[in-house]
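Down below is the structure, laid out as structure tokens.
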Amino acid sequence: MLLRSLLVCVIVATAYACVKDTDFDQASDIEATPEIELDLVYFTLTPPQFTLDTDSGRPISVRDTTDIRFLDDSFVQDALKRVEYYFRFSNSIPSEFNANVRFLNGDNDVRYQFDIDVAQGALDTPVITEHIEILATRAQIRRITESSKVVVRVTIPEAPQTVEGFLNLQSKGTYFLEY
């Protein structure tokens with residue numbers, strides 16, 4: 001009986017000591033700020049995917065499109081505070097490239113875009129080009145949330161005589177929410 005009374009007193013004292021200095025009014029000051037990372041566009045281009053037309057003199061381009069429809073959610077639009085897009089090109093083709101990244105709405109109107117110059121590679125030593133696009137203003141974020149897809153067009157400004165090697169793109173978007 002004495003042991004049971006002593007045990008109850010210890011439990012009550014421990015529970016009281018743990019909560020006596022807790023200010024539950026601070027609970028309303030808590031902000032959740034999750035970061036969500038999602039793959040965006042990725043591909044590896046090899047020589048058979050390029051069509052060399054040395055007679056026309058036109059640049060050669062390849063494009064890839066990815067849907068980003070999750071941005072049209074009203075909760076995401078209200079909570080999104082910053083976006084970072086990371087692009088990493090690994091190029092072993094002895095030519096420079098230009099990558100044009102466009103965010104389009106459902107009517108294919110450009111809402112946001114930027115270019116990335118990809119450095120010339122070498123067959124034995126691929127060259128890495130990295131680019132981070134940070135969108136932090138309300139206007140930039142609004143333009144991104146109005147988009148339903150992202151299109152990456154990679155262009156060789158001047159066609160080389162032969163195309164050997166590969167061009168690899170890996171990209172991701174990091175979305176910073178606050179609610």
To the closest 0.5 Å, what do you measure between NZ (Lys149) and CG (Asn105)? 8.5 Å
Test side-chain contact (heavy atoms from CB on, under 4.5 Å) on Ile68 and Ser147 and set out the steps. CA-CA 7 Å; Ile68 54 171; Ser147 302; 4.0 Å; yes
With rounding to the nearest 0.5 Å, note down the distance linking CG in Asp109 to CZ in Arg143. 10.5 Å
Does the pair Thr129 and Asp117 meet the rule for a side-chain contact (heavy atoms from CB on, under 4.5 Å), with working shown? CA-CA 8 Å; Thr129 301; Asp117 293 323; over 6 Å; no
Would you check, one step at a time, whether the test side-chain contact (heavy atoms from CB on, under 4.5 Å) holds for Leu104 with Val151? CA-CA 8 Å; Leu104 308 176; Val151 177; 3.6 Å; yes
Review item, side-chain donor-acceptor pairs of residues 83-90, under 3.5 Å, at least two apart:
unit_1 : atom_1 : unit_2 : atom_2 : d
Glu84  : OE2    : Arg82  : NE     : 3.4
Glu84  : OE2    : Arg82  : NH2    : 3.1
Tyr85  : OH     : Tyr175 : OH     : 3.1
Tyr86  : OH     : Glu130 : OE2    : 2.4

Under a 3.5 Å distance rule, please check whether Ser171 uses its side chain to pair with a backbone N or O of Val41 as donor and acceptor. yes
Counting only N and O atoms by type, is there a donor-acceptor contact under 3.5 Å from the side chain of Asp67 to the main-chain atoms of Arg69? no
Correct closest heavy-atom pair for Asp64 and Phe43 would be OD2-CD2, 3.7 Å
Gap between atom CG of Asn108 and atom OG of Ser148 - 0.5 Å precision: 7.5 Å
Checking side-chain contact (heavy atoms from CB on, under 4.5 Å) for the pair Tyr42/Leu169: CA distance, chi angles, key distance, verdict? CA-CA 5 Å; Tyr42 54 92; Leu169 166 62; 5.7 Å; no
Of all heavy-atom pairs between Ile93 and Glu164, which one has the smallest distance, and what is that distance? CG1-O, 3.3 Å
Answer yes if Leu135 and Val110 sit in the same cluster of Ile, Leu, Val, Met, Phe, Trp and Tyr residues linked by side chain heavy atoms under 4.5 Å apart, and no otherwise. no
Do Leu38 and Leu80 belong together in a cluster built from hydrophobic side chains that touch within less than 4.5 Å? yes
Test your reading of the model: is there a side-chain donor-acceptor pair from Ser92 to the backbone of Phe166, 3.5 Å cut-off? yes
Rounded to the nearest 0.5 Å, what's the gap from CG on Leu167 to CG on Asn91? Could you check? 5.0 Å
Between atom NE2 of His131 and atom CG of Asp115, what is the distance when rounded to the nearest 0.5 Å? 9.0 Å
Between Leu45 and Val127, is there a shared hydrophobic cluster once you connect ILVMFWY residues whose side-chain heavy atoms come closer than 4.5 Å? no
Show which side-chain atoms of residues 118-125 pair as donor or acceptor with protein atoms under 3.5 Å away, not counting sequence neighbours.
none

For Arg111, is there an ion pair with Glu146 - N to carboxylate O distance below 4.0 angstrom? yes
Inter-residue atom distance Leu177.CG - Ile36.CD1, 0.5 Å rounding: 4.5 Å
Hydrophobic clusters here meaning ILVMFWY residues chained together by side-chain heavy-atom distances under 4.5 Å, can you tell me if Ile141 and Ile134 are in one? no
Test of understanding: with ring-ring contact (aromatic ring centres under 6.0 Å, His included), list the residues that count as partners of Phe176, not counting sequence neighbours. none
